[in-house]
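Heads up: the structure comes next, in C-alpha coordinates.
Predicted, not measured: the structure shown is a model, and the values here were computed from it.
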Amino acid sequence: MKLSGSPAFSAISNGMGGTMGLVMIGAIVQIICVVGTTFLGLDATGKLYQTLYRPYQWTMGAMALYMAFNMAYTYAKNLKLNGVQSGFTSLICYFLVSCPLMSVQVGETAMTVVNFDNFGATGLFTAIIIAMTTVRVTKFVTDHHWIIRMPDVVPEGILNSFNSIIPTAVNVIIWYGLAVILDTVTQGALTLSGAITYALSIPVSFMISTPGMFVILALMQFFWFFGIHGTSVIFTALMVPMMTAYMSNADLMAAGQPLVFHPVFLFGAVSIMGGTGNTLPLCLLGLKSKSEQIRAISKASFIPGCFNINEPVIFGFPIMYNPILFIPFLLNPLIIAGLNLILWKLEIVALPSVLIMTTLPVLMSNFMGTLDWKNVVFAILCFPLLTIIWYPFFKIYEKQCIEKEKAEALEAQEV
(Lines give C-alpha, C1' and ligand atoms only; values in the text may rest on other atoms or scores of the structure.)
Protein backbone atom coordinates (compact mmCIF):
# COMPACT_ATOMS: atom_id res chain seq x y z
CA MET A 1 0.00 0.00 0.00
CA LYS A 2 2.91 2.33 0.75
CA LEU A 3 4.46 1.67 -2.67
CA SER A 4 1.20 1.92 -4.62
CA GLY A 5 0.33 5.15 -2.80
CA SER A 6 3.62 6.80 -3.74
CA PRO A 7 3.11 9.46 -6.46
CA ALA A 8 6.36 8.44 -8.16
CA PHE A 9 5.75 4.68 -8.06
CA SER A 10 2.17 4.96 -9.26
CA ALA A 11 3.28 7.38 -12.00
CA ILE A 12 5.80 4.86 -13.32
CA SER A 13 3.27 2.03 -13.15
CA ASN A 14 0.34 3.96 -14.62
CA GLY A 15 2.52 5.80 -17.11
CA MET A 16 3.72 2.50 -18.52
CA GLY A 17 0.22 1.08 -18.38
CA GLY A 18 -1.04 3.99 -20.46
CA THR A 19 1.08 2.83 -23.40
CA MET A 20 -0.37 -0.69 -23.47
CA GLY A 21 -2.80 0.17 -26.28
CA LEU A 22 0.15 1.13 -28.47
CA VAL A 23 2.00 -2.04 -27.47
CA MET A 24 -0.97 -4.18 -28.49
CA ILE A 25 -1.32 -2.40 -31.84
CA GLY A 26 2.37 -2.97 -32.48
CA ALA A 27 2.04 -6.64 -31.56
CA ILE A 28 -0.92 -7.14 -33.91
CA VAL A 29 0.95 -5.47 -36.77
CA GLN A 30 3.98 -7.63 -36.06
CA ILE A 31 1.90 -10.82 -36.12
CA ILE A 32 0.33 -9.80 -39.44
CA CYS A 33 3.78 -9.19 -40.94
CA VAL A 34 5.14 -12.51 -39.65
CA VAL A 35 2.16 -14.38 -41.06
CA GLY A 36 2.65 -12.55 -44.35
CA THR A 37 6.33 -13.48 -44.69
CA THR A 38 6.02 -17.01 -43.27
CA PHE A 39 2.85 -18.29 -44.91
CA LEU A 40 2.07 -15.92 -47.79
CA GLY A 41 5.55 -15.42 -49.20
CA LEU A 42 5.55 -11.66 -48.61
CA ASP A 43 8.91 -10.02 -49.39
CA ALA A 44 10.24 -8.28 -46.25
CA THR A 45 12.06 -5.73 -48.41
CA GLY A 46 9.08 -4.96 -50.60
CA LYS A 47 6.82 -1.92 -50.50
CA LEU A 48 3.74 -3.84 -49.30
CA TYR A 49 5.60 -5.25 -46.28
CA GLN A 50 7.07 -1.86 -45.40
CA THR A 51 3.61 -0.31 -45.62
CA LEU A 52 2.17 -2.95 -43.29
CA TYR A 53 5.11 -2.64 -40.90
CA ARG A 54 5.01 1.16 -40.56
CA PRO A 55 2.39 1.23 -37.73
CA TYR A 56 4.75 -0.97 -35.68
CA GLN A 57 7.57 1.52 -36.23
CA TRP A 58 5.37 4.36 -34.99
CA THR A 59 4.00 2.48 -31.98
CA MET A 60 6.60 0.14 -30.48
CA GLY A 61 9.37 1.78 -32.49
CA ALA A 62 8.66 5.19 -30.92
CA MET A 63 7.70 3.98 -27.44
CA ALA A 64 10.29 6.17 -25.67
CA LEU A 65 8.54 9.30 -26.96
CA TYR A 66 5.14 8.23 -25.69
CA MET A 67 6.57 7.14 -22.35
CA ALA A 68 8.41 10.46 -21.89
CA PHE A 69 5.12 12.31 -22.26
CA ASN A 70 2.74 9.90 -20.53
CA MET A 71 4.87 9.29 -17.45
CA ALA A 72 5.48 13.01 -16.92
CA TYR A 73 1.77 13.69 -17.44
CA THR A 74 0.78 11.05 -14.86
CA TYR A 75 3.39 12.13 -12.30
CA ALA A 76 2.39 15.79 -12.68
CA LYS A 77 -1.27 14.97 -12.12
CA ASN A 78 -0.31 13.03 -8.97
CA LEU A 79 1.50 16.14 -7.70
CA LYS A 80 -1.40 18.47 -8.64
CA LEU A 81 0.52 20.11 -11.48
CA ASN A 82 -0.45 20.82 -15.09
CA GLY A 83 -0.17 17.39 -16.69
CA VAL A 84 -0.19 18.45 -20.34
CA GLN A 85 2.43 21.14 -19.83
CA SER A 86 4.66 18.75 -17.86
CA GLY A 87 4.30 16.15 -20.59
CA PHE A 88 5.44 18.55 -23.28
CA THR A 89 8.30 19.82 -21.11
CA SER A 90 9.52 16.25 -20.69
CA LEU A 91 9.15 15.63 -24.41
CA ILE A 92 11.19 18.67 -25.49
CA CYS A 93 13.95 17.80 -23.00
CA TYR A 94 13.98 14.25 -24.32
CA PHE A 95 14.33 15.52 -27.90
CA LEU A 96 17.22 17.79 -26.92
CA VAL A 97 19.07 15.02 -25.10
CA SER A 98 18.33 11.93 -27.18
CA CYS A 99 17.50 13.00 -30.73
CA PRO A 100 20.31 15.16 -32.14
CA LEU A 101 20.04 16.71 -35.57
CA MET A 102 22.29 15.34 -38.29
CA SER A 103 23.39 16.78 -41.62
CA VAL A 104 23.09 14.41 -44.56
CA GLN A 105 23.72 14.81 -48.26
CA VAL A 106 20.91 13.71 -50.58
CA GLY A 107 22.19 14.11 -54.09
CA GLU A 108 23.29 17.72 -54.37
CA THR A 109 21.08 18.86 -51.50
CA ALA A 110 22.31 19.15 -47.89
CA MET A 111 19.53 18.25 -45.45
CA THR A 112 19.16 18.34 -41.68
CA VAL A 113 17.36 15.29 -40.28
CA VAL A 114 16.45 13.94 -36.84
CA ASN A 115 18.25 10.88 -35.49
CA PHE A 116 15.42 8.43 -34.76
CA ASP A 117 17.64 5.74 -33.22
CA ASN A 118 16.67 6.57 -29.63
CA PHE A 119 12.91 6.75 -30.17
CA GLY A 120 12.45 3.07 -29.38
CA ALA A 121 13.92 0.55 -26.94
CA THR A 122 17.31 2.22 -26.53
CA GLY A 123 15.73 5.42 -25.22
CA LEU A 124 13.29 3.98 -22.68
CA PHE A 125 15.48 4.44 -19.60
CA THR A 126 16.38 7.99 -20.60
CA ALA A 127 12.69 8.78 -21.18
CA ILE A 128 11.76 7.60 -17.69
CA ILE A 129 14.58 9.54 -15.98
CA ILE A 130 13.78 12.75 -17.87
CA ALA A 131 10.03 12.42 -17.31
CA MET A 132 10.33 11.98 -13.55
CA THR A 133 13.08 14.60 -13.11
CA THR A 134 11.44 17.35 -15.16
CA VAL A 135 8.26 17.05 -13.10
CA ARG A 136 10.23 17.33 -9.85
CA VAL A 137 12.00 20.44 -11.18
CA THR A 138 8.66 21.93 -12.19
CA LYS A 139 7.31 21.14 -8.73
CA PHE A 140 10.29 22.88 -7.10
CA VAL A 141 9.94 25.97 -9.29
CA THR A 142 6.19 26.15 -8.71
CA ASP A 143 6.46 25.70 -4.92
CA HIS A 144 8.97 28.57 -4.79
CA HIS A 145 6.67 30.78 -6.90
CA TRP A 146 9.19 31.33 -9.69
CA ILE A 147 6.53 32.57 -12.08
CA ILE A 148 5.80 35.57 -14.25
CA ARG A 149 3.13 37.46 -12.36
CA MET A 150 0.20 38.72 -14.44
CA PRO A 151 -2.82 40.89 -13.56
CA ASP A 152 -5.91 39.05 -12.33
CA VAL A 153 -7.86 40.12 -15.43
CA VAL A 154 -5.65 37.99 -17.70
CA PRO A 155 -7.60 34.94 -19.04
CA GLU A 156 -6.70 31.61 -17.45
CA GLY A 157 -5.35 30.10 -20.68
CA ILE A 158 -2.88 32.94 -21.18
CA LEU A 159 -1.99 32.90 -17.46
CA ASN A 160 -1.14 29.19 -17.61
CA SER A 161 1.03 29.79 -20.67
CA PHE A 162 3.06 32.45 -18.88
CA ASN A 163 3.27 30.35 -15.70
CA SER A 164 4.84 27.52 -17.69
CA ILE A 165 7.65 29.62 -19.18
CA ILE A 166 10.06 29.56 -16.23
CA PRO A 167 9.59 25.86 -15.27
CA THR A 168 10.07 24.84 -18.90
CA ALA A 169 13.09 27.13 -19.30
CA VAL A 170 14.75 25.78 -16.15
CA ASN A 171 14.27 22.18 -17.32
CA VAL A 172 15.61 22.94 -20.78
CA ILE A 173 18.65 24.73 -19.34
CA ILE A 174 19.41 21.82 -16.99
CA TRP A 175 19.03 18.98 -19.47
CA TYR A 176 20.34 20.66 -22.59
CA GLY A 177 23.17 22.20 -20.58
CA LEU A 178 24.21 18.76 -19.27
CA ALA A 179 24.02 17.33 -22.78
CA VAL A 180 26.19 20.11 -24.25
CA ILE A 181 28.75 19.90 -21.42
CA LEU A 182 29.11 16.11 -21.75
CA ASP A 183 29.36 16.34 -25.52
CA THR A 184 32.05 19.01 -25.22
CA VAL A 185 34.08 17.23 -22.54
CA THR A 186 34.06 13.90 -24.39
CA GLN A 187 34.41 15.59 -27.80
CA GLY A 188 31.25 13.89 -29.01
CA ALA A 189 32.32 10.41 -27.92
CA LEU A 190 29.55 10.12 -25.31
CA THR A 191 26.04 11.55 -25.28
CA LEU A 192 23.99 12.22 -22.16
CA SER A 193 21.41 9.69 -23.31
CA GLY A 194 24.13 7.09 -23.78
CA ALA A 195 25.61 7.89 -20.36
CA ILE A 196 22.23 7.43 -18.63
CA THR A 197 21.58 4.17 -20.44
CA TYR A 198 25.04 2.84 -19.61
CA ALA A 199 24.85 3.84 -15.92
CA LEU A 200 21.47 2.16 -15.48
CA SER A 201 22.48 -0.90 -17.48
CA ILE A 202 24.97 -1.95 -14.78
CA PRO A 203 22.48 -2.73 -11.97
CA VAL A 204 19.76 -3.72 -14.44
CA SER A 205 22.02 -6.17 -16.26
CA PHE A 206 22.72 -7.93 -12.95
CA MET A 207 19.06 -7.95 -12.03
CA ILE A 208 18.02 -9.46 -15.35
CA SER A 209 20.92 -11.87 -15.66
CA THR A 210 19.97 -15.54 -15.71
CA PRO A 211 20.74 -16.08 -11.97
CA GLY A 212 19.10 -12.73 -11.20
CA MET A 213 15.88 -13.75 -12.92
CA PHE A 214 15.62 -16.89 -10.78
CA VAL A 215 16.00 -14.68 -7.70
CA ILE A 216 13.33 -12.31 -9.05
CA LEU A 217 10.89 -15.19 -9.67
CA ALA A 218 11.39 -16.41 -6.11
CA LEU A 219 11.00 -12.88 -4.73
CA MET A 220 7.75 -12.42 -6.63
CA GLN A 221 6.32 -15.60 -5.11
CA PHE A 222 7.36 -14.42 -1.63
CA PHE A 223 5.45 -11.17 -2.20
CA TRP A 224 2.32 -13.13 -3.08
CA PHE A 225 2.70 -15.28 0.04
CA PHE A 226 2.42 -12.16 2.18
CA GLY A 227 -0.62 -10.90 0.27
CA ILE A 228 1.27 -8.38 -1.91
CA HIS A 229 0.56 -8.43 -5.64
CA GLY A 230 4.08 -9.58 -6.49
CA THR A 231 3.49 -9.58 -10.24
CA SER A 232 2.61 -5.87 -10.28
CA VAL A 233 5.51 -4.90 -8.04
CA ILE A 234 8.14 -6.90 -9.95
CA PHE A 235 6.74 -6.22 -13.41
CA THR A 236 7.04 -2.46 -12.89
CA ALA A 237 10.80 -2.92 -12.53
CA LEU A 238 11.05 -5.44 -15.37
CA MET A 239 8.84 -3.73 -17.92
CA VAL A 240 11.51 -1.57 -19.57
CA PRO A 241 14.13 -4.33 -20.01
CA MET A 242 11.37 -6.71 -21.11
CA MET A 243 10.08 -4.28 -23.75
CA THR A 244 13.67 -3.70 -24.88
CA ALA A 245 14.31 -7.43 -25.22
CA TYR A 246 11.11 -8.09 -27.17
CA MET A 247 11.63 -5.10 -29.46
CA SER A 248 15.21 -6.21 -30.11
CA ASN A 249 14.02 -9.65 -31.20
CA ALA A 250 11.19 -8.12 -33.23
CA ASP A 251 13.75 -6.09 -35.18
CA LEU A 252 15.88 -9.21 -35.72
CA MET A 253 12.85 -11.12 -36.95
CA ALA A 254 11.91 -8.32 -39.35
CA ALA A 255 15.47 -8.36 -40.70
CA GLY A 256 15.46 -12.16 -41.08
CA GLN A 257 18.18 -12.56 -38.42
CA PRO A 258 18.37 -15.26 -35.70
CA LEU A 259 16.65 -14.30 -32.45
CA VAL A 260 18.66 -13.70 -29.27
CA PHE A 261 18.02 -15.10 -25.78
CA HIS A 262 17.44 -12.49 -23.08
CA PRO A 263 17.20 -13.73 -19.45
CA VAL A 264 14.15 -11.53 -18.88
CA PHE A 265 12.19 -14.00 -21.04
CA LEU A 266 12.30 -16.38 -18.05
CA PHE A 267 9.64 -14.19 -16.44
CA GLY A 268 7.04 -16.05 -18.54
CA ALA A 269 7.68 -19.27 -16.60
CA VAL A 270 5.78 -17.89 -13.63
CA SER A 271 2.41 -18.10 -15.43
CA ILE A 272 2.67 -20.68 -18.17
CA MET A 273 -0.36 -22.59 -16.86
CA GLY A 274 -3.04 -20.70 -14.95
CA GLY A 275 -1.59 -17.41 -13.73
CA THR A 276 1.18 -16.64 -11.24
CA GLY A 277 2.44 -19.84 -9.67
CA ASN A 278 0.91 -22.02 -12.42
CA THR A 279 -2.11 -22.89 -10.30
CA LEU A 280 -4.42 -24.43 -12.93
CA PRO A 281 -3.32 -28.01 -12.04
CA LEU A 282 -4.11 -27.22 -8.40
CA CYS A 283 -7.63 -26.14 -9.39
CA LEU A 284 -8.10 -29.34 -11.36
CA LEU A 285 -7.01 -31.43 -8.39
CA GLY A 286 -9.39 -29.49 -6.17
CA LEU A 287 -12.45 -30.20 -8.34
CA LYS A 288 -12.41 -33.83 -7.10
CA SER A 289 -11.47 -33.00 -3.52
CA LYS A 290 -13.31 -34.51 -0.56
CA SER A 291 -13.04 -31.14 1.19
CA GLU A 292 -16.07 -28.96 0.60
CA GLN A 293 -13.99 -25.80 1.01
CA ILE A 294 -11.38 -26.84 -1.55
CA ARG A 295 -13.99 -28.11 -3.98
CA ALA A 296 -15.99 -24.87 -3.79
CA ILE A 297 -12.91 -22.67 -4.31
CA SER A 298 -11.72 -24.85 -7.19
CA LYS A 299 -15.08 -24.57 -8.98
CA ALA A 300 -14.96 -20.80 -8.66
CA SER A 301 -11.30 -20.61 -9.73
CA PHE A 302 -11.02 -23.07 -12.61
CA ILE A 303 -12.53 -20.93 -15.40
CA PRO A 304 -10.58 -17.76 -14.42
CA GLY A 305 -7.48 -19.97 -14.20
CA CYS A 306 -7.97 -21.01 -17.82
CA PHE A 307 -7.51 -17.33 -18.66
CA ASN A 308 -4.40 -17.03 -16.45
CA ILE A 309 -6.30 -15.19 -13.72
CA ASN A 310 -5.70 -16.82 -10.36
CA GLU A 311 -6.38 -14.35 -7.55
CA PRO A 312 -9.33 -16.59 -6.49
CA VAL A 313 -6.85 -19.43 -5.89
CA ILE A 314 -4.21 -17.36 -4.12
CA PHE A 315 -6.67 -15.66 -1.78
CA GLY A 316 -9.37 -18.36 -1.72
CA PHE A 317 -7.59 -21.65 -1.14
CA PRO A 318 -5.61 -19.76 0.22
CA ILE A 319 -1.98 -19.94 -0.88
CA MET A 320 -1.33 -16.64 0.91
CA TYR A 321 0.02 -17.35 4.42
CA ASN A 322 -0.26 -21.08 3.71
CA PRO A 323 3.22 -22.61 4.25
CA ILE A 324 2.17 -25.98 2.80
CA LEU A 325 0.93 -24.74 -0.58
CA PHE A 326 3.59 -22.04 -0.71
CA ILE A 327 6.31 -24.66 -1.27
CA PRO A 328 5.03 -25.83 -4.70
CA PHE A 329 3.90 -22.26 -5.45
CA LEU A 330 7.54 -21.21 -5.08
CA LEU A 331 9.14 -24.26 -6.70
CA ASN A 332 7.15 -24.76 -9.90
CA PRO A 333 8.00 -21.40 -11.62
CA LEU A 334 11.70 -22.03 -10.91
CA ILE A 335 11.50 -25.56 -12.32
CA ILE A 336 9.61 -24.44 -15.44
CA ALA A 337 12.10 -21.58 -15.92
CA GLY A 338 14.97 -24.07 -15.72
CA LEU A 339 13.37 -26.37 -18.29
CA ASN A 340 12.56 -23.46 -20.56
CA LEU A 341 16.15 -22.24 -20.35
CA ILE A 342 17.50 -25.67 -21.36
CA LEU A 343 15.10 -25.96 -24.31
CA TRP A 344 16.00 -22.44 -25.49
CA LYS A 345 19.69 -23.25 -25.32
CA LEU A 346 19.08 -26.45 -27.31
CA GLU A 347 16.93 -24.45 -29.78
CA ILE A 348 14.02 -26.86 -29.31
CA VAL A 349 11.45 -24.14 -28.58
CA ALA A 350 11.25 -20.67 -30.13
CA LEU A 351 12.41 -17.49 -28.45
CA PRO A 352 9.80 -14.75 -27.87
CA SER A 353 9.55 -11.83 -30.25
CA VAL A 354 5.95 -10.57 -30.00
CA LEU A 355 5.16 -8.48 -26.92
CA ILE A 356 1.64 -9.30 -25.70
CA MET A 357 0.92 -7.14 -22.64
CA THR A 358 -2.41 -8.57 -21.65
CA THR A 359 -3.95 -11.68 -20.12
CA LEU A 360 -4.76 -14.42 -22.62
CA PRO A 361 -6.09 -17.97 -22.20
CA VAL A 362 -3.50 -20.65 -21.46
CA LEU A 363 -1.80 -22.08 -24.56
CA MET A 364 -2.90 -19.05 -26.59
CA SER A 365 -0.52 -16.88 -24.59
CA ASN A 366 2.29 -19.38 -25.22
CA PHE A 367 1.64 -19.29 -28.95
CA MET A 368 1.10 -15.56 -29.47
CA GLY A 369 4.47 -14.54 -28.04
CA THR A 370 6.41 -16.77 -30.44
CA LEU A 371 4.00 -17.81 -33.20
CA ASP A 372 5.50 -21.30 -32.89
CA TRP A 373 3.50 -24.46 -32.18
CA LYS A 374 6.42 -26.08 -30.30
CA ASN A 375 5.96 -23.61 -27.45
CA VAL A 376 2.34 -24.73 -27.13
CA VAL A 377 3.46 -28.36 -26.95
CA PHE A 378 5.95 -27.39 -24.23
CA ALA A 379 3.17 -25.76 -22.19
CA ILE A 380 0.96 -28.85 -22.57
CA LEU A 381 3.79 -31.12 -21.41
CA CYS A 382 4.34 -28.87 -18.40
CA PHE A 383 0.82 -29.60 -17.14
CA PRO A 384 1.46 -33.17 -15.85
CA LEU A 385 4.78 -32.06 -14.37
CA LEU A 386 3.10 -29.20 -12.53
CA THR A 387 0.39 -31.59 -11.31
CA ILE A 388 3.07 -33.88 -9.85
CA ILE A 389 4.68 -30.90 -8.08
CA TRP A 390 1.36 -29.76 -6.59
CA TYR A 391 -0.07 -33.19 -5.70
CA PRO A 392 1.71 -34.20 -2.44
CA PHE A 393 1.30 -30.75 -0.89
CA PHE A 394 -2.32 -30.61 -2.04
CA LYS A 395 -3.05 -33.93 -0.32
CA ILE A 396 -1.50 -32.71 2.95
CA TYR A 397 -3.56 -29.54 2.87
CA GLU A 398 -6.69 -31.43 1.83
CA LYS A 399 -6.31 -33.73 4.84
CA GLN A 400 -6.10 -30.72 7.15
CA CYS A 401 -9.20 -29.16 5.60
CA ILE A 402 -11.21 -32.39 5.88
CA GLU A 403 -10.29 -32.79 9.55
CA LYS A 404 -11.20 -29.17 10.21
CA GLU A 405 -14.58 -29.57 8.46
CA LYS A 406 -15.34 -32.73 10.45
CA ALA A 407 -14.50 -30.95 13.69
CA GLU A 408 -16.72 -28.01 12.76
CA ALA A 409 -19.57 -30.39 11.85
CA LEU A 410 -19.30 -32.18 15.22
CA GLU A 411 -19.22 -28.87 17.03
CA ALA A 412 -22.33 -27.72 15.16
CA GLN A 413 -24.15 -30.94 16.10
CA GLU A 414 -23.26 -30.52 19.78
CA VAL A 415 -24.61 -26.98 19.73
Side-chain angles (χ1 to χ4, degrees), residues 19 22-23 25-26 28-30 32-34 36-37 41-70 72 84-85 87-131 134 161 164-165 168-198 243-244 246-257:
T19 63
L22 297 173
V23 171
I25 292 172
I28 292 170
V29 170
Q30 188 183 354
I32 293 172
C33 290
V34 171
T37 54
L42 193 63
D43 182 8
T45 62
K47 184 176 180 180
L48 177 58
Y49 179 90
Q50 295 301 321
T51 301
L52 291 173
Y53 196 64
R54 192 167 298 128
Y56 174 85
Q57 295 171 310
W58 281 106
T59 51
M60 291 291 290
M63 188 55 62
L65 292 182
Y66 308 128
M67 202 166 287
F69 179 89
N70 200 46
V84 174
Q85 177 58 44
F88 280 117
T89 300
S90 171
L91 203 55
I92 189 62
C93 290
Y94 180 78
F95 274 119
L96 290 170
V97 169
S98 300
C99 307
L101 299 177
M102 300 184 301
S103 296
V104 297
Q105 193 74 25
V106 181
E108 298 181 356
T109 306
M111 301 180 64
T112 301
V113 298
V114 177
N115 184 354
F116 280 73
D117 292 344
N118 289 327
F119 278 16
T122 57
L124 287 175
F125 280 123
T126 305
I128 293 172
I129 295 297
I130 288 178
T134 53
S161 298
S164 68
I165 292 175
T168 302
V170 171
N171 275 298
V172 168
I173 291 170
I174 291 173
W175 281 105
Y176 191 50
L178 289 173
V180 170
I181 291 170
L182 187 61
D183 182 72
T184 303
V185 171
T186 63
Q187 297 182 346
L190 183 64
T191 64
L192 182 56
S193 175
I196 292 172
T197 302
Y198 176 75
M243 290 176 68
T244 302
Y246 272 85
M247 291 165 68
S248 173
N249 269 4
D251 292 339
L252 290 173
M253 176 175 282
Q257 303 281 334

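Here the straight-line distance linking atom OG1 of T191 with atom CG of D183 works out to 8.5 Å at 0.5 Å rounding. If you take CE on M63 and CG on N70, they are separated by 10.0 Å, rounding to the nearest 0.5 Å. The distance from atom CD1 of I129 to atom CG of L124, rounded to the nearest 0.5 Å, is 12.0 Å. Atom CD1 of residue I92 and atom OG1 of residue T134 lie 12.0 Å apart, to the nearest 0.5 angstrom. Here CG of D251 is found 8.5 Å from CD of Q30. Values are rounded to the nearest 0.5 Å. Between atom SG of residue C33 and atom CZ of residue R54 there is a gap of 11.0 Å, rounded to the nearest 0.5 Å.
The backbone N or O of F69 lies less than 3.5 Å from no partner atom in the side chain of S90, so there is not a single donor-acceptor pair.
More than 12 heavy atoms of other residues, nucleotides or ligands shown are found within 6.0 angstrom of OH on Y49. Heavy atoms from other residues, nucleotides or ligands lying under 6.0 Å from CZ of F88 number 12 at most.
Proximity of L65 to F95: side-chain heavy atoms (C-beta onward) are separated by under 4.5 Å at one or more points. In this structure, the side chains of Y66 and W58 come closer than 4.5 Å at one or more pairs of heavy atoms.
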Audit row: L22, M60, side chain to side chain contact (heavy atoms under 4.5 Å, CB included) steps and yes/no: CA-CA 7 Å; L22 297 173; M60 291 291 290; over 6 Å; no
Side chain to side chain contact (heavy atoms under 4.5 Å, CB included) between W175 and I130, worked out: CA-CA 8 Å; W175 281 105; I130 288 178; 3.9 Å; yes
Side chain to side chain contact (heavy atoms under 4.5 Å, CB included) between M243 and M67, intermediate numbers included: CA-CA 12 Å; M243 290 176 68; M67 202 166 287; 4.1 Å; yes
Derivation and outcome, side chain to side chain contact (heavy atoms under 4.5 Å, CB included), residues I25 and I28: CA-CA 5 Å; I25 292 172; I28 292 170; 5.7 Å; no
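Each of L178, V172, V180 was compared with L96 under the side chain to side chain contact (heavy atoms under 4.5 Å, CB included) criterion, and only V172 meets it.
Taking both residues in full, the closest heavy atoms of Y56 and A250 are given as OH-CB, 3.1 Å, listed atom of the first, atom of the second, then distance. Here the closest non-hydrogen pair linking L91 and A68 is CD1-CB, 4.3 Å. When every heavy atom of Y94 is checked against every heavy atom of A64, the shortest pair comes out as OH-CB, 3.3 Å.
In this model, a donor atom of one side chain and an acceptor atom of the other lie less than 3.5 Å apart for T168 and T89.
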